[in-house]
Enquirer: 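Provided herewith is a single structure, encoded as structure tokens, for subsequent inquiry.
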Number of protein chains: 2
Amino acid sequence: MAVTIEDVARRAGVSRGTVSNVLNRPDVVSEATRARVLAAMSDLDFIPSQPARMLGGLRNRSIGLVMHDVGHPFFAEIARGVEDVTIRENYVLTLTSTRDDAERERSSLRLLIAQQVSGILLIPTASGAGEVQQVRERGVAAVLLDHEGGAGECSVAVDDIRGGIAATQHLLSLGHRRLAFVGGPGRGRQHSDRLSGMRSALTTAGGRVRPGVQVVTVPADTIACGEEAARSLLADSARRSRPTGILCGNDLLAVGLMRGLGSAGVSVPDDVAVVGYDDIELATLVGTPITSVRQPMYEMGHTAAELLVSEIRDRGHTHRNVRFVPELVVRDSTVRP
Amino acid sequence: MAVTIEDVARRAGVSRGTVSNVLNRPDVVSEATRARVLAAMSDLDFIPSQPARMLGGLRNRSIGLVMHDVGHPFFAEIARGVEDVTIRENYVLTLTSTRDDAERERSSLRLLIAQQVSGILLIPTASGAGEVQQVRERGVAAVLLDHEGGAGECSVAVDDIRGGIAATQHLLSLGHRRLAFVGGPGRGRQHSDRLSGMRSALTTAGGRVRPGVQVVTVPADTIACGEEAARSLLADSARRSRPTGILCGNDLLAVGLMRGLGSAGVSVPDDVAVVGYDDIELATLVGTPITSVRQPMYEMGHTAAELLVSEIRDRGHTHRNVRFVPELVVRDSTVRP
DNA sequence: CTGAAAGCGCTAACAA
DNA sequence: TTGTTAGCGCTTTCAG
């Protein structure tokens with residue numbers, strides 16, 4: 001069995017209570033005995049059992065992050081932002097990926113609650129988001145990420161409608177009149193907001209703008225799906241009615257789409273202009289750097305984690321709904337350099 | 001306070017022990033009472049406290065993964081492989097990044113032990129690797145990842161020397177005689193093994209091969225460092241003695257290096273051939289797709305996690321040291337298409 | 001300032 | 001089959 005507080009107490013010639021005190025209220029113990037106890041601890045290489053401490057009433061210094069997929073650069077970057085805070089604040093980070101499955105989201109949340117984490121950061125699945133309330137009812141702090149929350153909670157989000165508008169205005173300003181949106185259910189609310197933004201930019205644009213947008217639905221936010229989208233786009237529409245300006249729901253789709261277009265002999269940006277979304281590093285590295293709507297991923301994770309820590313720790317915490325404003329970054333996929 | 005086993009027992013009109021039984025040995029409880037207890041649980045939305053269960057002797061269904069950086073594609077992909085196993089086996093994954101700091105590695109390990117995880121996957125820092133022993137001494141299962149282990153332990157690694165050899169032979173076969181290695185301390189053992197492989201390929205190559213390799217040391221495995229390396233490489237060597245074949249310690253360095261070379265007007269692969277390492281997806285997506293030494297990252301994570309689960313669970317577990325063989329993937333950065 | 005003792009929520013004998 | 005009870009390792013009163 002592992003070395004317990006009892007062993008330390010015996011070796012230091014004190015009681016369990018005293019050892020516990022040097023751990024939790026060092027100032028209450030005399031200099032001399034504290035030194036003795038500390039020595040005993042390090043001699044025995046004592047690591048106090050976290051579960052036992054928690055049963056004893058202490059809060060767990062651990063928080064959970066529930067997201068779609070660590071492998072996706074967008075989420076990975078958010079995770080980095082979160083992690084830098086948890087490290088600084090000495091929390092343990094438990095990661096769970098939902099793969100955008102509501103069922104998995106539920107079970108992840110239960111798992112984290114069972115572990116008695118003191119807080120949860122949740123990037124809701126397309127269907128989810130109502131789950132947070134249940135978490136809070138159990139006294140576990142929670143902040144929503146990449147999803148706008150209500151007044152009674154903290155959240156960190158980005159204005160996706162605005163992002164959609166910015167991208168669309170850019171395409172319109174370049175003279176494109178036949179537009180398309182490539183997106184999927186993968187990140188439900190986000191994609192539909194971006195599309196809404198696109199439509200709203202079109203209606204307010206006035207002039208002889210062709211109403212409506214061709215929407216290509218993809219099953220996932222991946223490069224492969226982007227390539228697939230290119231194929232269906234090229235197959236569907238006659239050359240004359242083919243869209244010349246395309247907004248993708250995220251950068252991976254844009255990368256795939258551009259590949260697909262390229263191998264079909266369609267030139268970007270000469271024949272078709274493509275705008276991505278997120279502005280992951282990859283967008284700058286591909287052959288034709290991609291114009292994209294930048295989301296401050298690292299900062300989102302960082303901010304959300306700080307809000308969570310504050311909610312966990314600060315008595316007088318007031319909820320905040322942080323909303324970042326996305327920013328269009330123009331590159332070669334829409335404007336020839 | 002949260003709802004406890006006591007509450008469930010009262011509501012179902014049974015004792016705590018019975019509730020515990022339906023949780024842990026359902027077959028021992030009668031059909032009728034089990035149904036009643038289950039109903040009570042779901043009415044109350046009971047989530048058993050994991051810490052309490054652990055104190056009560058149960059093993060924690062959680063494992064820890066200690067790696068350098070979630071944000072790095074190489075590690076992210078390993079994490080995905082691990083995660084798919086933990087999900088399937090119903091384990092919780094606690095992630096910690098060391099940022100290649102031995103101190104952080106130590107504290108991460110302590111944290112995980114304190115949490116009483118039942119197993120740990122460790123990708124050791126450059127300096128570390130001796131730490132695993134301490135983990136095992138505390139009865140926590142552990143498998144080494146990306147690092148060859150001894151007989152008394154499980155490990156999953158890739159033969160980096162062989163990878164270095166393969167890359168070098170490729171460069172030699174293309175006629176390159178002035179070679180360089182761009183690498184850093186970031187992934188210590190890995191990079192030095194790759195360099196060793198390079199040297200060994202040179203010595204065994206025979207012929208009028210220029211002995212030795214120019215080594216450019218970089219502080220980290222990043223694109224920025226790769227660009228920096230290009231600058232120093234171009235500044236250092238006179239045009240005539242400049243290397244024409246370069247192996248990079250990883251793909252990000254190669255991406256950066258190629259950028260740096262490109263902006264200095266050096267053509268890849270015409271003037272210089274570049275080989276990367278890892279074969280992350282990005283290697284295929286950049287303007288000039290990169291020849292790289294492929295490591296099966298997802299599979300490494302997957303395999304390691306399965307070994308760990310087996311070590312945790314199977315009584316008759318026998319240790320295995322899995323060594324993957326890397327594979328050279330030739331692309332445009334060494335051979336013009 | 002230190003020691004003794006009562007739990008925390010649950011599991012696992014052991015009885016009934 | 002079910003109930004009873006003794007811990008698990010620690011924190012936290014409360015006396016001394």
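Throughout, a chain's letter reflects where its sequence line sits, starting with A, and its residues are numbered from 1.
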Enquirer: D:dT12, OP1 or OP2 - any side-chain N/O from A:Ser20 closer than 4.0 Å?
Expert: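 No, A:Ser20 has no side-chain N/O under 4.0 Å of OP1/OP2 on D:dT12.
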
Enquirer: Which is more 5' along DNA chain C, the nucleotide nearest B:Glu6 or the one nearest A:Arg36? Just name the residue.
Expert: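 Upstream on the strand: A:Arg36.
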
Enquirer: Specify the separation, in whole Å, of atom CZ of A:Arg10 and atom C1' of D:dG9.
Expert: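 Going from CZ in A:Arg10 over to C1' in D:dG9 covers 13 Å.
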
Enquirer: Between C:dG3 and A:Thr18, is there an OP1 or OP2 to side-chain N/O distance shorter than 4.0 Å?
Expert: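 Looking at the OP1 and OP2 atoms of C:dG3, one of them is under 4.0 Å from a side-chain N or O of A:Thr18.
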
Enquirer: From C:dA5, D:dT1, C:dT2, pick the nucleotide closest to the side chain of B:Ser30?
Expert: D:dT1

Enquirer: Are the charged groups of A:Arg88 and A:Glu306 less than 4.0 angstrom apart, N to O?
Expert: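 Looking at A:Arg88 and A:Glu306, the cut-off is met.
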
Enquirer: Without decimals, in angstroms, what is the distance between B:Leu55 CG and D:dG9 C1'?
Expert: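 In whole Å, D:dG9 C1' lies 6 Å from B:Leu55 CG.
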
Enquirer: Whole-Å distance between D:dT4 C1' and B:Arg16 CZ?
Expert: 9 Å

Enquirer: From CE of B:Met54 over to P of D:dC10, roughly how many Å is that when rounded to an integer?
Expert: 12 Å

Enquirer: Would you mind classifying the nucleic acid contact of B:Pro48 as base, sugar-phosphate or nothing, using non-hydrogen atoms under 4.0 angstrom?
Expert: sugar-phosphate

Enquirer: So, B:Arg34 and B:Asp27, do they make that salt bridge, N to O below 4.0 Å?
Expert: no

Enquirer: Between D:dT1 atom P and B:Arg34 atom CZ, what is the distance in whole Å?
Expert: 10 Å

Enquirer: Please pick, from C:dG7, D:dG9, C:dG3, the nucleotide with the shortest atom-to-atom distance to any side-chain atom of A:Val14.
Expert: C:dG3

Enquirer: Measure from the side chain of B:Thr4, starting at C-beta and using heavy atoms only, and say which of C:dG9, C:dA12, D:dT11 lies closest.
Expert: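 It is C:dG9.
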
Enquirer: Could you go through B:Arg189 and B:Asp193, starting from their C-alpha distance and side-chain angles, then the distance that decides it, and tell me whether this counts as salt bridge (Lys or Arg N to Asp or Glu O under 4.0 Å)?
Expert: CA-CA 6 Å; B:Arg189 201 266 316 146; B:Asp193 276 4; 2.9 Å; yes

Enquirer: Can you measure A:Gln50 atom CD to D:dC10 atom P for me and round it to whole angstrom units?
Expert: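 Rounded to the whole Å, the gap is 11 Å.
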
Enquirer: From CD1 of B:Ile113 over to P of D:dG9, roughly how many Å is that when rounded to an integer?
Expert: 16 Å

Enquirer: Any idea which of D:dT12, C:dG7, C:dT2 is nearest the A:Val28 side chain?
Expert: C:dT2

Enquirer: Closest to the B:Val29 side chain: C:dC10, D:dT2, C:dG7?
Expert: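 Of the options given, the side chain of B:Val29 lies nearest D:dT2.
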
Enquirer: More 5' along DNA chain D: B:Asn21 or A:Arg25, using each one's nearest nucleotide?
Expert: B:Asn21

Enquirer: Consider side-chain contact (heavy atoms from CB on, under 4.5 Å). Of A:Val37, A:Val14, A:Val8, which one does A:Val22 pass it with?
Expert: A:Val37

Enquirer: To the nearest Å, how far apart are A:Ile5 CD1 and C:dG3 C1'?
Expert: 13 Å

Enquirer: Any donor-acceptor pair under 3.5 Å linking the side-chain atoms of A:Gln190 with those of A:Asp146?
Expert: yes

Enquirer: Check this one for me: any side-chain N or O of A:Thr33 less than 4.0 Å away from OP1 or OP2 of C:dT2?
Expert: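 Yes, A:Thr33 has a side-chain N/O under 4.0 Å of OP1/OP2 on C:dT2.
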
Enquirer: Taking the minimum atom-to-atom distance to the side chain of B:Leu58, which one of C:dA12, D:dG9, D:dT11 wins?
Expert: C:dA12

